[in-house]
2 protein chains.
Amino acid sequence: MNTEETIEELKKIVKQKGLKYTEQREIVLNILLNADEHLSAEDVYNKIKEQFPDTNIGIATVYRALSFLEEVDLITSIAFGTDGKKYESNSKSHHDHLICTNCGKIVEFLDEEIEKRQDRIAKKNKFKITSHSMQLHGLCEECQ
Amino acid sequence: MNTEETIEELKKIVKQKGLKYTEQREIVLNILLNADEHLSAEDVYNKIKEQFPDTNIGIATVYRALSFLEEVDLITSIAFGTDGKKYESNSKSHHDHLICTNCGKIVEFLDEEIEKRQDRIAKKNKFKITSHSMQLHGLCEECQ
DNA sequence: CTCGGTGCAAAACGTTTGCACGCGA
DNA sequence: TCGCGTGCAAACGTTTTGCACCGAG
């Protein structure tokens, strides 16, 4: 799914919910769609000030937009340690994360067999899964 | 590994490092060893005030003890959402978590095949894994 | 016109730190 | 005795909230 498609999706969702379509929500989503790394709320805020210097936006709005976008499932957050939440857009295909505990580097991966087994485990425990995250923590090649 | 054994372990580690053995560290470890759920720093603090009302302990000390115990690998932390870190003792055998997003219930599970695959993935990406956490988020049977 | 969304600043929250004191080795 | 560990309170960074105003529908 590309940027325009996802932004159309946002417009549809907002309309469907009887909410309002605002430039700020679009900008936050846009930043995330075009980021190739995981961004914290403050990262997003800084990028907006950098890329859209004419837009006057508050950090509170960024938080509100991120919560909203996560709620409607256009973006996902992962949290590890005390570093707070980091966000990424859902237009990327599903994957899990390898996280370097020293430099914070994140590597994405996907393993079909693990995905299948996760479903099976959920079913066995009668859980209805909405999302999952798997994080392997350790030291990346450079930090060992 | 039972409570006394683990506390002996702590004594050994402390001595080995030339550090001091204090009642507070023992209490924090003890709480975690006898908890059958995952506890936040504040949970631990409250339990201490409840179970050891004579001991005057500060929340800062709980945090320091938890960090210390995690560092020497007697306890582990998992973080999910904004709820901050939660701790559990390592005397339990390794497992992953199913988390109900509605009631917060946590179910533990273990899948050998997934464990094996995680190691393989780490190796492929040249990561040296220190820990990992896999969390499946969804609704438990009662909350669906 | 309405009322949901915004910006701002203040508050809240969980966690960490500086300091003087106390206690284990 | 020495210096690590502690309790307290203040500081910290991140996130949320109250409020008056703004602007999309």
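Each chain gets a letter, A, B and so on, in the order the sequences are listed, and its residues count up from 1. All of these numbers come straight from a predicted model, not from anything done at the bench.
- Remark: A/E113 engages A/R117 in a salt bridge, criterion side-chain N to carboxylate O under 4.0 Å.
- Both B/G58 and A/S67 lie close to DNA chain D; mapped to their nearest nucleotides by heavy-atom distance, the more 5′-ward contact belongs to B/G58.
- Between B/Y45 atom OH and C/dT15 atom P the separation is 14 Å, expressed in whole Å.
- Judged as a salt bridge (charged side-chain N to carboxylate O under 4.0 Å, His left out), and not counting sequence neighbours, A/D96 has no contacts.
- Comparing the local axis fitted to the first five base pairs of the helix from C/dC1-D/dG25 to C/dA25-D/dT1 with the one fitted to its last five gives a bend of 30°, rounded to 10°.
- Between A/D43 atom CG and D/dG13 atom P there is a gap of 16 Å when expressed in whole angstrom units.
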Side-chain donor-acceptor distances from residues 44-66 of chain B under 3.5 Å, at least two apart:
from, atom 1, to, atom 2, distance (Å)
B/N46, ND2, B/E42, O, 3.3

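- Between the side chains of B/E70 and B/S77, at least one donor N or O sits under 3.5 Å from an acceptor N or O.
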Table please: side-chain donor-acceptor pairs of residues 21-29 of chain B below 3.5 Å, with sequence neighbours left out.
from, atom 1, to, atom 2, distance (Å)
B/Y21, OH, B/E26, OE1, 2.6
B/T22, OG1, B/R25, N, 3.4
B/R25, NH1, B/K20, O, 3.0

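- Within the nucleic acid shown, B/I59 has no heavy atom closer than 4.0 Å to any nucleic acid atom.
- Whole-Å rounding puts the B/L66 CG to C/dT17 P distance at 15 Å.
- Taking all atoms of both residues into account, the shortest heavy-atom contact from A/A122 to B/L98 is CA-CD2, 4.4 Å.
- Put simply, CD1 on A/I75 and CG on A/L69 are 4.5 Å apart, with the number rounded to the nearest 0.5 Å.
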**Report entry** Heavy-atom protein contacts under 4.0 Å, nucleotides 18-25 of chain D, coded B base, S sugar-phosphate only, - none
**Finding:** B----BBS
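- Rounded to an integer number of Å, the gap from A/L39 CG to D/dT14 P is 14 Å.
- At C/dT15, one or more side-chain N or O atoms of B/Y63 fall inside 4.0 Å of OP1 or OP2 (strictly under the cut-off).
- Rounded to whole Å, the distance from CD1 on B/I27 to P on D/dT6 is 10 Å.
- If you take CZ of A/F52 and P of C/dG7, they are 14 Å apart, rounded to a whole angstrom.
- By the side chain to side chain contact (heavy atoms under 4.5 Å, CB included) test, B/E4 is found to be paired with B/N2, residues two or more places apart in sequence or in another chain being considered.
- Residues A/H95 and A/E115 bring no donor and acceptor atom of their side chains to less than 3.5 Å of each other.
- Taking the side chain of B/Q24 as heavy atoms from C-beta on, and the options D/dT15, D/dG7, C/dG7, the nearest nucleotide is D/dG7.
- In this structure, B/N56 atom CG and D/dA9 atom P are separated by 11 Å, rounded to whole Å.
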